[in-house]
Amino acid sequence: MTDSKYFTTTKKGEIFELKAELNSDKKEKKKEAVKKVIASMTVGKDVSALFPDVVNCMQTDNLELKKLVYLYLMNYAKSQPDMAIMAVNTFVKDCEDPNPLIRALAVRTMGCIRVDKITEYLCEPLRKCLKDEDPYVRKTAAVCVAKLHDINAQLVEDQGFLDTLKDLISDSNPMVVANAVAALSEIAESHPNSNLLDLNPQTINKLLTALNECTEWGQIFILDCLANYTPRDDRESQSICERVTPRLSHANSAVVLSAVKVLMKFMEMLPKDLDYYGTLLKKLAPPLVTLLSAEPELQYVALRNINLIVQRRYVLGDDLRRMFLYYSLVLGNSRLSPIKVMFTIAWYITVLAELKEYATEVDVDFVRKAVRAIGRCAIKVEQSAERCVSTLLDLIQTKVNYVVQEAIVVIKDIFRKYPNKYESVIGTLCENLDSLDEPEARAAMIWIVGEYAERIDNADELLESFLEGFHDESTQVQLQLLTAIVKLFLKKPTETQELVQQVLSLATQDSDNPDLRDRGYIYWRLLSTDPVAAKEVVLAEKPLISEETDLIEPTLLEELICHIGTLASVYHKPPSAFVEGSRGVQHKRLAGSSVESPDAGSAAGASEAPPAVIPSQGDLLGDLLNLDLTPPTTAGPPPPPSSGMQMGAMDLLGGGLDSLVGLLHNTTLLVSVQVWLPAMKAKGLEISGTFARRAGVIQMEMTLTNKAMSVMTDFAIQFNRNSFGLAPAGPLQVLSPLSPNQSIEVTLPLNTVGPVMKMDPLNNLQVAVKNNIDVFYFSCQYPISMLFVEDGKMERQVFLATWKDIPNDNESQFQIKDCHLNASSSKLQGSNIFTIAKRTVEGQDMLYQSMKLTNGIWLLAELRVQTGNPNYTVSTVLGLFMSWSHNTVVVLVLC
Amino acid sequence: MIHSLFLVNASGDIFLEKHWKSVVSRSVCDYFFEAQERATEPENVPPVISTPHHYLISVLRHRIYFVAVIQSEVPPLFVIEFLHRVVDTFQDYFGVCTEAAIKDNVVVVYELLEEMLDNGFPLATESNILKELIKPPTILRTMVNTITGSTNVGEQLPTGQLSVVPWRRTGVKYTNNEAYFDVVEEIDAIIDKSGSTITAEIQGVIDACVKLTGMPDLTLSFMNPRLLDDVSFHPCVRFKRWEAERILSFIPPDGNFRLLSYHVSSQNLVAIPVYVKHNITFREGSSQGRFDLTLGPKQTMGKAVESVLVSSQLPRGVLNASLNPSQGTYTFDPVTKLLTWDVGKINPQKLPSLKGTMSLQAGASKPDENPTINIQFKIQQMAISGLKVNRLDMYGEKYKPFKGIKYMTKAGKFQDLPTQ
């Protein structure tokens with residue numbers, strides 16, 4: 001008797017029948033009925049009508065029945081939330097059962113019921129279970145936190161479950177650690193900027209210990225988590241590598257690939273001359289190749305990843321031979337794209353023995369691909385070019401027709417890649433002229449003859465022989481022949497006049513093909529009007545060809561290396577490009593290779609910090625727009641800063657000095673050149689820049705770099721509404737197209753008459769840049785000092801009165817630590833910060849300063865300098881904007 | 001992590017679905033069916049398919065597609081490995097993994113899937129633990145259950161799940177204690193006409209069947225452990241000990257498992273166990289070609305080469321072949337031009353040969369290609385890499401187990417390439 005019987009009762013009154021059975025007194029009958037219900041549910045039938053009856057079966061000692069009812073509950077609680085409440089009591093009771101299996105099962109099931117009302121009841125049992133004495137319960141509870149977070153994130157934070165989860169990373173049981181890491185990773189995905197997985201050497205050590213003892217799945221979680229860590233120095237990264245290396249021998253391919261990811265990333269930090277570095281490289285290769293002998297689906301993913309890895313490092317060496325062999329043999333398996341893989345591999349193979357063997361195979365199509373692979377190999381790897389050419393010559397010697405033809409096509413490309421290097425083989429090529437019957441090969445040969453006409457004595461004879469059947473040739477060959485003969489004529493005008501006449505008349509008069517006729521006429525006119533110009537046009541130097549189609553842009557490659565083993569690595573796209581709901585995906589970079597000084601990460605950090613010190617900004621926008629300063633009339637001495645005021649100001653800052661010091665650090669970035677738009681976010685366009693005020697004009701100075709492989713044109717720029725109405729005063733001056741790897745510096749003048757909207761932080765600017773590829777958006781922050789206008793000098797009297805009038809709440813105060821000031825007031829004035837008064841009180845220099853913003857708002861500051869003490873105290877008033885106004889002062893002082 | 005699982009049969013029906021988080025509509029499988037339609041062969045459906053909101057990762061085994069639905073960035077290998085593990089578990093439980101078997105045991109299947117994954121995180125995938133939680137169905141147990149009303153679900157906490165050896169359950173008892181190890185090697189090679197090896201490599205595995213009482217701690221040592229430089233181990237093997245002493249030390253799982261797999265690549269000089277001498281010629285203008293092929297053993301340490309099967313794709317111009325095998329039988333398919341020769345065992349005293357003529361299409365030009373020859377064979381009692389187990393010791397238990405080790409070599413992809 002099997003379970004299939006549950007599928008057979010599909011009569012009309014089924015639900016009714018089941019209901020009766022569920023309410024039966026007999027235990028056995030009840031259980032059978034629940035099984036039937038589950039079976040119906042499995043095949044997608046709606047059995048939600050039975051909810052109360054099934055829930056009634058829940059209070060049972062029978063474990064299987066309990067499990068079945070739980071299964072049912074998980075599926076239908078959502079559609080019957082009120083009914084589900086009925087089940088809560090049993091859950092809570094089960095969470096205190098002496099049997100840990102039941103406790104774990106209850107907490108697991110509760111987490112799966114996605115009903116808010118139930119979730120509330122879950123908190124207490126979950127808290128208990130997270131601290132359960134039995135590790136099995138703890139590890140189940142850890143996952144439950146992730147489930148709960150998915151349902152109600154706020155609740156999880158409020159209840160402090162995240163901290164408990166973090167504590168579990170230090171649990172004594174490795175399985176609990178692994179599950180805690182898995183849960184935290186999942187939660188962290190929805191909070192990209194939180195440092196939930198705050199990794200420090202201690203936790204790393206815990207993780208590495210757990211790594212050895214937990215299940216294979218736990219190892220994957222831990223390894224993926226390790227990959228996000230940035231070691232402090234090369235010694236730490238070496239010790240992590242050492243402890244991760246044994247995972248390469250794991251039978252589970254996902255463990256192996258995750259370990260490879262960690263190693264690839266941490267290797268960047270090791271000095272390349274270290275012995276260990278070499279050892280590690282050697283250890284990476286065999287497991288990668290071993291992945292390929294697994295099931296086809298695994299091979300597919302493995303290959304996509306190997307493709308990435310080999311582009312980054314020469315890891316494979318001899319093992320590539322194995323891989324290549326393997327792929328030559330399973331070529332029929334089209335779950336992969338073997339030919340493409342073969343090319344990438346072929347690129348590294350400097351030993352061509354296999355290719356040569358295959359070039360004489362039976363399968364014509366395969367042979368062609370093999371010969372092409374040799375050619376691409378030559379073009380991609382210069383060191384191998386010589387061997388490739390000699391191999392190709394050997395192949396031509398075989399006289400096998402299609403091999404020869406394919407080889408000639410390939411050699412043409414090699415000539416173009418390495419001019420004046422291999423032309424000695426032309427003689428051999430010419431011997432095979434007669435056997436060529438495919439258009440592509442004929443065209444290639446004609447091109448060679450035309451291009452090297454001066455080295456081939458009988459070039460005219462050769463071309464003439466082609467000319468005989470001109471009209472039977474394909475267009476490709478005709479066009480090539482026309483060009484070749486014109487080239488020949490320009491090189492040896494005396495002997496070939498007749499030939500060129502002949503071909504021009506054939507092309508222009510006897511041909512129906514418009515392309516051919518047009519080209520013929522152009523040559524004819526060129527030759528008849530200006531032979532010198534003709535020479536320049538026809539014999540112009542050709543650009544070198546390059547072979548890069550399989551290569552990934554370096555920036556993208558760098559990011560993808562950090563994502564080895566993930567979907568990103570399969571699609572060869574950054575995760576931000578396709579992952580659904582990628583909530584502010586963090587771009588990962590390899591640590592050792594950050595070329596640009598402010599990393600994308602630290603720039604993001606800078607943008608987060610300011611809001612922390614901006615006090616309540618309720619009506620900031622209104623104030624910003626309507627603030628009207630009436631100059632006060634009363635006069636008096638500048639108020640000495642009292643200690644009480646200082647205290648108040650400190651409190652007002654909320655974050656206190658620490659956050660300010662942090663802020664100071666960040667604000668320095670604002671004036672240095674920053675990468676605003678990393679290339680990987682903008683299809684290869686990188687924009688970095690800074691702001692400046694020069695001769696009263698605000699300027700945005702940008703460097704546009706094309707890191708993509710194609711030319712970029714049609715640049716335009718636009719700003720979103722912003723706090724001070726900044727807008728471009730003219731179009732973006734990028735006139736010439738931007739070719740790959742080229743940079744251009746652009747200065748964009750700005751005005752402040754654009755539409756106004758309050759931004760957060762205030763100095764945030766959202767920019768859209770358009771080019772022929774796409775529109776890209778980025779945001780940047782401009783230094784507020786840029787907005788200080790030249791007439792910002794306040795009357796002394798007015799200053800005093802204003803200072804007094806402004807309520808204390810508007811004042812903030814902070815210290816600049818360890819700063820050696822030597823900026824005179826004239827230097828400050830250069831930045832439109834005007835010193836109104838200066839006095840010395842008890843050995844302290846007090847500087848009173850005023851600034852005016854483009855929108856007419858005044859800022860007043862007091863700078864207190866204690867002689868011989870590198871610390872300065874700054875008080876600023878008119879503190880609606882104090883949070884950034886003192887940043888600015890600091891910036892100026894620091895520069 | 002893994003959101004849902006759909007099982008799709010060969011005719012494209014979803015016959016089972018399981019959701020670990022919220023329910024994902026079946027319609028998501030339409031993307032899979034589309035990809036399936038585009039694929040020419042069932043095995044050509046791409047393993048990773050992206051849809052607007054989900055990713056579908058599938059494996060095909062036993063003519064059933066196991067389609068996992070995921071929503072966030074998850075290592076695809078993780079999912080694929082897991083799906084294979086699911087199939088292995090089904091096979092382990094029901095003997096076969098077919099649609100009928102899954103439907104017959106749908107409750108057990110559901111219970112298993114529930115235990116294997118929690119909220120998309122793998123929970124218990126070791127067959128030992130699962131079997132403690134959910135007892136595999138047997139005829140006897142089904143009958144007992146029907147009569148007594150007891151269940152398949154274990155009442156006890158799966159103790160193994162918490163121990164340091166999660167792969168082994170406690171309280172194992174056998175009357176006959178035995179441990180068998182099979183060393184199986186497959187050799188892949190390409191040989192050119194002169195007989196020299198272009199590439200050769202060996203893929204080997206050691207499969208074990210261990211039925212020992214209690215908590216035995218085994219050590220397995222090799223005569224020549226140096227051969228094993230590229231290995232992947234079952235998690236039970238203590239890696240540190242292997243690194244330091246080149247000894248396999250482990251507490252084995254109960255029952256069948258793969259202890260390790262390894263590669264021996266061409267650097268370590270792979271011995272080729274057979275050789276092929278062949279002479280296939282076509283004469284210009286003649287409608288006849290000559291075919292002459294002889295096989296012989298080479299470096300087999302006196303062991304017999306068995307189950308030899310030679311196959312070759314003859315050139316398109318060949319109409320028919322009339323050949324005379326010295327032993328075994330041959331077939332030639334005039335449509336696909338595939339020649340297969342079932343040789344059987346190679347007798348070193350009387351080498352098997354296949355000689356005769358091929359008739360060519362009249363008037364066709366001489367085929368200038370030489371066919372590739374594929375060879376399959378088996379050699380019992382020998383591991384071609386020369387790997388030899390030195391000794392197997394058991395610690396931690398008092399009884400004396402029965403130990404056995406078997407060797408076998410098979411041809412994987414073994415090609416003989418003629419060159420000119």
Side-chain angles (χ1 to χ4, degrees), chain A residues 1-4 7 27-28 35 38-39 42 63-64 67 71 100-101 108 114 135-136 143 146-147 182 189 213 215-217 220 246 249-254 257-258 286 290 293 295-298 300-301 318 321-322 325 329 334-335 353-354 357 360 362 398 400 565-567 570 575 579-580, chain B residues 16-17 22 43-44 47-48 50 53 55 59 71-73 75-78 80-81 84 103-107 110-111 114 118-119 121-122 142 146 149 151-153 155 157 161-162 164 166 190 192 198-199 201 203 230-235 239 263 265 267 313 368-369 371-372 413 417 419-420:
Chain A
M1 200 161 64
T2 65
D3 293 346
S4 54
F7 286 100
K27 259 191 179 175
E28 190 46 35
K35 279 191 177 182
I38 300 285
T42 326
L63 197 59
E64 188 184 18
K67 277 190 167 181
L71 260 180
L101 187 61
R108 218 173 98 194
R114 308 176 62 89
Y136 182 69
V143 174
K147 293 181 197 172
E189 218 172 274
E213 290 166 23
T215 65
E216 48 201 309
W217 313 110
I220 300 170
S249 300
H250 202 284
N252 185 320
S253 60
L257 206 57
S258 290
T290 308
S293 47
E295 287 85 355
E297 299 89 6
L298 297 175
Y300 172 82
V301 177
D318 272 350
R321 288 168 59 89
R322 271 170 65 191
L325 164 76
L329 293 176
S334 49
R335 268 210 162 191
E354 281 111 11
E357 287 303 328
T360 53
V362 208
T398 62
V400 178
T566 65
L567 285 171
V570 174
V579 173
E580 157 87 2
Chain B
L16 191 116
E17 59 183 291
S22 50
E43 56 270 15
N44 287 353
V48 184
S50 74
H53 301 286
Y55 293 90
V59 304
Q71 206 157 23
S72 54
E73 174 74 271
L77 276 187
F78 173 104
I80 293 170
E81 279 277 357
H84 282 297
K103 276 190 169 168
D104 282 351
N105 298 290
V106 70
V107 174
Y110 240 67
E111 285 168 348
E114 191 56 39
D118 177 23
N119 194 36
F121 297 109
T142 320
T146 328
T151 68
N152 280 335
V153 176
E155 293 287 335
L157 182 68
Q161 208 157 4
L162 300 176
V164 278
I190 299 179
D192 71 4
I198 295 165
T199 9
E201 70 163 0
Q203 313 211 22
D230 178 9
V231 281
S232 41
F233 294 117
H234 188 276
F239 191 76
H263 284 261
S265 53
Q267 291 110 297
Q313 183 78 47
D368 51 7
E369 312 133 327
T372 312
K413 296 161 191 110
L417 271 186
T419 47
Q420 280 153 346

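Numbered from 1 within each chain, the chains take letters A, B, ... in sequence-line order.
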Contacting moiety of B:F233, where chain A heavy atoms sit under 4.5 Å: both
Per-residue contact mode, A:I220 against chain B (heavy atom under 4.5 angstrom): side chain
Heavy-atom check, side chain of A:N252 versus side chain of A:W217, under 4.5 Å: yes
Leading residue by heavy atom contact count with chain A [cutoff under 4.5 Å; candidates B:L77, B:V231, B:V48]: B:L77
B:H53 versus B:Q71, closest heavy-atom pair with distance: O-CG, 3.7 Å
B:E81 side-chain N/O to A:S253 backbone N/O, donor-acceptor pair under 3.5 Å: yes
Heavy-atom proximity to chain B below 4.5 Å, by part of A:V143: both
Pick from A:S249, A:A254, A:S258 with the largest number of heavy-atom pairs that fall under 4.5 Å of chain B: A:S249
With sequence neighbours excluded, residues passing salt bridge (Lys or Arg N to Asp or Glu O under 4.0 Å) with B:E114: A:R108, B:K18
Sequence-distant partners of A:A182, side-chain contact (heavy atoms from CB on, under 4.5 Å), two or more places apart: A:F221, B:F121
